[in-house]
Number of protein chains: 2
Amino acid sequence: MTETAGGGRDAEAVSKFVESFAAQLVEAGMQRMPARIFAALLSSDEGAMTSAELGEQLQISPAAVSGGVRYLAQTHMVSREREPGSRRERYVVHGDQWYEALTNREAVLKRWEGALRDGVTSLGENTPAGRRMAETLAFFEFIEGEVSAMMERWRVHRQQVFGD
Amino acid sequence: MTETAGGGRDAEAVSKFVESFAAQLVEAGMQRMPARIFAALLSSDEGAMTSAELGEQLQISPAAVSGGVRYLAQTHMVSREREPGSRRERYVVHGDQWYEALTNREAVLKRWEGALRDGVTSLGENTPAGRRMAETLAFFEFIEGEVSAMMERWRVHRQQVFGD
DNA sequence: CGCTTCATTCAGAAATTTGTGAAGTTAAGG
DNA sequence: CCTTAACTTCACAAATTTCTGAATGAAGCG
């Protein structure tokens, strides 16, 4: 058993999981550092770590932590907290907030819709290409509406299974 | 008006749209070449182009077309067709098939679920981290179920709005 | 069969991305 | 105020990715 100072957990097993989960995130399009940082936070007991802790576990420089965290904060996957009267920051995965962010690609959808609308105009509403474009646009609009309903159902489901 | 041999369409406007839509796809994590190729196909009247046509519109080498198309075919966004008795291949966006592929990230979800299951085991079911992991896993399982129902509703909706 | 036309593969050049060390900035605590 | 601890920014080196040209491989067509 590989127990270290980290609080009685099998550090090696944790690290292995962190890397393998990060790899999945990378494959899905996330940058490497944000992915690793996120995975580390997700598998910490508190769901929160300081910059120094992240640096040590992942063997990366403070600069890398800073960059990765900035990305995660911007995309609302993680939030920054700081105990009042200290300048040590804690980076926190807020329970369920993060996968809501993951699903709420609303900004992305909106941009796609914008681009598609331009497409319909550029190509002409009555060209075959224009009609295909319009249908695609309709698909995204449909999805956008469905997603929020779906998340609502999830909250109900979650409540039932996990309580609060 | 910038008309070229391309069949009476405003080539410049089309190209502009292709590039801007491709840029959105890139931002969402797709590689540049596949994104450009896909956008070009999507905005072609036939929904299909040959390698040579793609090469000319996008100003890229045959090798780049080949590589891009391979990716798109693997992910089922595009299919290859070839008129019998010709070795000129046509790459086709099959109407609605492609965004079904986009949504059907089932393989991706499955892998995430696998990784998360490992995580629950590594971290221990009764640790706080393990419980968080388990909840995340439940979320993905929930989503997986919902997505297929959602696509079914889309087909109905599409039928109503666009006919067949 | 051989010629020709496409498509693919591969090695390498070029461009981009990524992560680091070092300098810079801000704010707590004496 | 001055010191010091924490985070951030920036320039650059290294690694990776991306695209090309050239070589290779297949398949129609005469």
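Convention: sequence-line order gives letters A, B, ...; per-chain numbering from 1.
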Kindly determine whether Trp98(A) and Val78(A) satisfy side chain to side chain contact (heavy atoms under 4.5 Å, CB included), including the steps that lead there. CA-CA 7 Å; Trp98(A) 80 265; Val78(A) 157; over 6 Å; no
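- With a heavy-atom cut-off of 4.0 Å to chain A, the contacted part of DNA chain C has its first and last nucleotide at dT18(C) to dG29(C).
- Side-chain contact between Arg117(B) and Met133(B) is absent, with no heavy-atom pair separated by less than 4.5 Å.
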With sugar-phosphate taken as primed atoms, P, OP1 and OP2 and all else as base, the protein-contact string of nucleotides 15-22 of chain D at under 4.0 Å (heavy atoms; B, S, -) is ---SSBB-
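- No side-chain heavy atom of Met30(B) sits under 4.5 Å from any side-chain heavy atom of Gln24(B).
- Although no hydrogens or angles enter the test, the distance criterion places a donor-acceptor pair under 3.5 Å between the side chain of Arg132(A) and the main chain of Asp45(B).
- Counting only residues at least two apart or on different chains, no salt bridge (Lys or Arg N to Asp or Glu O under 4.0 Å) pair has a member in residues 55-64 of chain B.
- Nucleic acid contact class of Ser66(A) (heavy atoms, under 4.0 Å, all strands): base.
- Not one N or O on the side chain of Arg88(A) forms a donor-acceptor pair closer than 3.5 Å with the backbone of Arg82(A).
- With a 4.5 Å cut-off on side-chain heavy atoms, Trp112(B) and Glu27(A) do not count as touching.
- If you take CZ on Phe38(B) and CE on Met77(B), they are separated by 4.0 Å, rounding to the nearest 0.5 Å.
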Just by protein heavy atoms under 4.0 Å, how would nucleotides 23-30 of chain D read 5' to 3' in B, S and -? ---BBSS-
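- Applying the side chain to side chain contact (heavy atoms under 4.5 Å, CB included) test to Gln31(B) and every residue at least two apart in sequence or in another chain returns Pro34(B), Tyr71(B).
- Applying a 4.0 Å cut-off to non-hydrogen atoms, none of the residues of residues 18-25 of chain A approaches DNA chain D.
- With respect to Glu152(B) and Arg155(B), a salt bridge is recorded, a charged nitrogen being found less than 4.0 Å from a carboxylate O.
- Put simply, the side chain of Phe17(B) does not reach to within 4.5 Å of the side chain of Thr121(A), judged on heavy atoms.
- Proximity of Arg131(B) to Glu125(B): side-chain heavy atoms (C-beta onward) are nowhere separated by under 4.5 Å.
- OP1 or OP2 of dT8(D) lies within a sub-4.0 Å distance of a side-chain N or O belonging to Arg80(A).
- Between Trp154(A) and Phe142(B), the two ring planes are tilted [angle within 30° to 60°].
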